[in-house]
Engineer: 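Here it is, the structure in full.
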Amino acid sequence: LNSYEDPYERGDVLLNEWKNFCHYINRQKGDFRPAFEATQQGIFTLALQNYQKVLEDISVTDKSEVYQKAGLCFKKTGNFESACNCLTQANNIKSGQAPVLAELADCYSLCGEDRHAKVLFREAFFIAPEKIELDHLDSKLIRELVKKTRSTGCSERSLPFWIPVYAVIWGVFTVKRVLSSQEVAHLKQAVYAMENEIKNPKCDQEILVPSLLRNYFWLIDHYVMSENSSREVNEVLLRMKVLNKPIYELFVK
């Protein structure tokens, strides 16, 4: 670590090494929990010290990502209140970031506030599931969801994209919010673009199918919450049925 002069870089090196260490431990047989937890405490305490040095530097203008990583470190060392404060700061500086919302949701769930957690998890996974570090999430709510989604047989590459789909099917992401008119317009535009893209035989269906299903669910929720006529809902359901009949049948049963 001493070869890295920049504290931000030192913090990132520690987080990357921790990720490699987790992958290594997961391949080993035996119970290493006490040593694992002690190592986690040490690594994230040291990483936090480096990120705090960056936050103290008044020349750093965009501190959103630093607050996010400091929040992760606080969470991993068990200080959930400070973690929530840092993650809220990160969200205030730059709102709507999926990784920040997911970490904040994780903190709420670890504190027993699952209703708040479900709102934020749903928001995070609907916005950009591919940007969420699943290995960083610790709450039982999300770990069980990840485990159950993985058991459906989806690839590790497509796993983040299927999580919000099955979370809707299994009734996990039940707490919703009303979308603004701008968000609705952006959602409809995204759906239109995906529907055109999926017509191309060379498209990446592994990612595109769950992404489009997720947006269909989001659009249906909007129509239901805004009390639109059932015609719009039925139109989306028909498109969903054409795209993936098994998911459609699970959703409507």
Side-chain angles (χ1 to χ4, degrees), residues 1-57 60 62-94 97-114 116-118 120-121 124-125 129 131-148 150 156 159-160 163:
L1 280 180
N2 291 335
S3 63
Y4 298 92
E5 293 184 8
D6 180 23
Y8 186 80
E9 195 174 2
R10 284 200 298 269
D12 281 1
V13 167
L14 285 160
L15 295 194
N16 287 332
E17 287 301 322
W18 172 253
K19 195 172 180 179
N20 294 334
F21 176 68
C22 288
H23 291 162
Y24 166 76
I25 287 293
N26 290 335
R27 295 195 301 268
Q28 309 307 310
K29 294 180 180 179
D31 183 10
F32 303 102
R33 199 174 300 113
F36 181 86
E37 290 174 356
T39 307
Q40 175 174 284
Q41 192 76 17
I43 290 293
F44 283 96
T45 297
L46 188 55
L48 177 60
Q49 290 170 359
N50 282 285
Y51 291 130
Q52 285 176 321
K53 287 179 183 176
V54 181
L55 291 172
E56 290 166 4
D57 186 351
V60 179
D62 185 3
K63 295 184 178 180
S64 176
E65 195 170 353
V66 191
Y67 274 118
Q68 177 197 334
K69 290 176 179 179
L72 168 65
C73 294
F74 274 124
K75 185 190 76 173
K76 289 290 190 180
T77 54
N79 189 338
F80 301 133
E81 184 179 352
S82 294
C84 282
N85 289 339
C86 279
L87 293 165
T88 301
Q89 284 271 42
N91 191 53
N92 289 341
I93 295 169
K94 196 182 292 183
Q97 298 177 86
V100 174
L101 295 173
E103 287 292 348
L104 197 50
D106 203 37
C107 285
Y108 278 124
S109 188
L110 288 166
C111 294
E113 297 184 42
D114 275 353
H116 289 302
K118 286 180 179 181
L120 293 170
F121 270 136
F125 277 97
K131 293 183 180 179
I132 298 169
E133 288 274 7
L134 298 180
D135 292 340
H136 287 168
L137 304 177
D138 301 321
S139 60
K140 184 178 179 181
L141 171 68
I142 200 66
R143 295 313 309 162
E144 287 295 320
L145 178 58
V146 172
K147 182 180 177 182
K148 197 174 176 183
R150 188 176 270 126
E156 284 299 306
L159 175 64
I163 287 171

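Numbers here are sequence positions counted from 1.
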Engineer: Assess, by modelled atom type and distance only, whether the side chains of D135 and H23 contain a donor and an acceptor separated by less than 3.5 Å.
Structural biologist: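 Result is yes, a qualifying pair exists.
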
Engineer: Could you point out which residue of K69, E65, K63 forms a side-chain contact (heavy atoms from CB on, under 4.5 Å) with Y67?
Structural biologist: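 Testing each of K69, E65, K63 against Y67, the sole residue satisfying side-chain contact (heavy atoms from CB on, under 4.5 Å) is K63.
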
Engineer: Would you say the side-chain atoms of K75 pair up with the backbone N or O of H136, donor to acceptor, closer than 3.5 Å?
Structural biologist: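 Side chain of K75 to backbone of H136, a donor-acceptor pair under 3.5 Å: yes, one is there.
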
Engineer: Are Y8 and Y51 an aromatic pair, judged by ring center distance below 6.0 Å?
Structural biologist: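 Between Y8 and Y51, which both carry aromatic rings, the centre distance is below 6.0 Å.
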
Engineer: Can you spot which of V146, I132, L110, L145 makes a side-chain contact (heavy atoms from CB on, under 4.5 Å) with L137?
Structural biologist: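 Single pass found, and it is I132.
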
Engineer: Which heavy atom in L101 sits nearest to a heavy atom in N91, and how many Å separate them?
Structural biologist: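 Scanning both residues, the minimum pair turns out to be CD2-OD1, 3.9 Å.
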
Engineer: With rounding to the nearest 0.5 Å, note down the distance linking SG in C73 to CG in L15.
Structural biologist: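 That separation rounds to 5.5 Å.
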
Engineer: Distance from H116 atom NE2 to C84 atom SG, nearest 0.5 Å?
Structural biologist: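 The distance works out to 10.0 Å.
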
Engineer: Take the angle between the ring planes of F36 and W18 and call it parallel below 30°, perpendicular above 60°, tilted in between.
Structural biologist: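 Tilted, since the angle between the ring planes falls between 30° and 60°.
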
Engineer: For the CD atom on Q28, are there more than 12 heavy atoms of other groups (residues, nucleotides or ligands in this structure) within a distance under 6.0 Å?
Structural biologist: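 Atom CD in Q28 is packed in, count exceeds 12.
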
Engineer: So, for V54 and V60, which heavy atoms are closest and what is the spacing to 0.1 Å?
Structural biologist: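 Closest pair (atom of V54, atom of V60, distance): O-CG2, 3.9 Å.
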
Engineer: Specify the closest pair of heavy atoms between Q68 and L87, including all atoms of both residues, with the distance to one decimal.
Structural biologist: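 Looking at all heavy atoms of both residues, the shortest contact is O-CD2, 3.7 Å.
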
Engineer: Other residues, nucleotides and ligands only: do more than 12 of their heavy atoms fall within 6.0 Å of OH on Y4?
Structural biologist: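 Result for OH/Y4: open.
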
Engineer: Is the side chain of R10 donor-acceptor paired with the backbone N or O of A47 at a distance under 3.5 Å, no angle test?
Structural biologist: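 Not confirmed, R10 side chain does not pair with A47 backbone.
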
Engineer: Walk me through whether Q89 and N85 qualify under side chain to side chain contact (heavy atoms under 4.5 Å, CB included).
Structural biologist: CA-CA 6 Å; Q89 284 271 42; N85 289 339; 5.7 Å; no

Engineer: Would a distance-only check, ignoring hydrogens and angles, find a side-chain to backbone donor-acceptor pair under 3.5 Å from K131 to P99?
Structural biologist: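 Such a contact is absent between K131 side chain and P99 backbone.
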
Engineer: Which distance, rounded to the nearest 0.5 Å, do you find between the CZ of F80 and the CG of D106?
Structural biologist: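 Interatomic distance, F80 CZ to D106 CG, rounded to 0.5 Å: 8.5 Å.
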
Engineer: Examine distances only and state if a side-chain atom of D57 and a backbone atom of K53 form a donor-acceptor pair shorter than 3.5 Å.
Structural biologist: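 Between the backbone of K53 and the side chain of D57 there is no qualifying donor-acceptor contact (under 3.5 Å).
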
Engineer: Counting only heavy atoms not in E156 (residues, nucleotides, ligands), do more than 12 fall under 6.0 Å from its CD?
Structural biologist: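 Counting other residues, nucleotides and ligands, CD of E156 exceeds 12 neighbours.
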
Engineer: I'd like to know if the side chain of S109 reaches the main chain of A105, judged simply by a donor and an acceptor atom lying under 3.5 Å from each other, with no hydrogens or angles considered.
Structural biologist: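 Not at all, since once roles are kept as given, no pair shorter than 3.5 Å links the two residues.
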
Engineer: Would you name the heavy atoms of N50 and G11 that are closest together and state the gap between them?
Structural biologist: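 Smallest heavy-atom distance, with atoms named: CB-N, 4.1 Å.
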
Engineer: How long is the straight-line distance from SG of C22 back to CZ of R27, given to the nearest 0.5 Å?
Structural biologist: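 Here the rounded value is 11.5 Å.
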
Engineer: Report yes if the side chains of K94 and V100 come closer than 4.5 Å at any heavy-atom pair, otherwise no.
Structural biologist: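 Of all side-chain heavy-atom pairs linking V100 with K94, none is under 4.5 Å.
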
Engineer: Going from CG on L48 to CD1 on I43, what distance comes out if it is rounded to the nearest 0.5 angstrom?
Structural biologist: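 Between L48 CG and I43 CD1, I get 13.0 Å after rounding to 0.5 Å.
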
Engineer: So how far is it from E37 CD to T39 OG1, rounded to the nearest 0.5 Å?
Structural biologist: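 If we round to the nearest 0.5 Å, E37:CD and T39:OG1 are 10.0 Å apart.
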
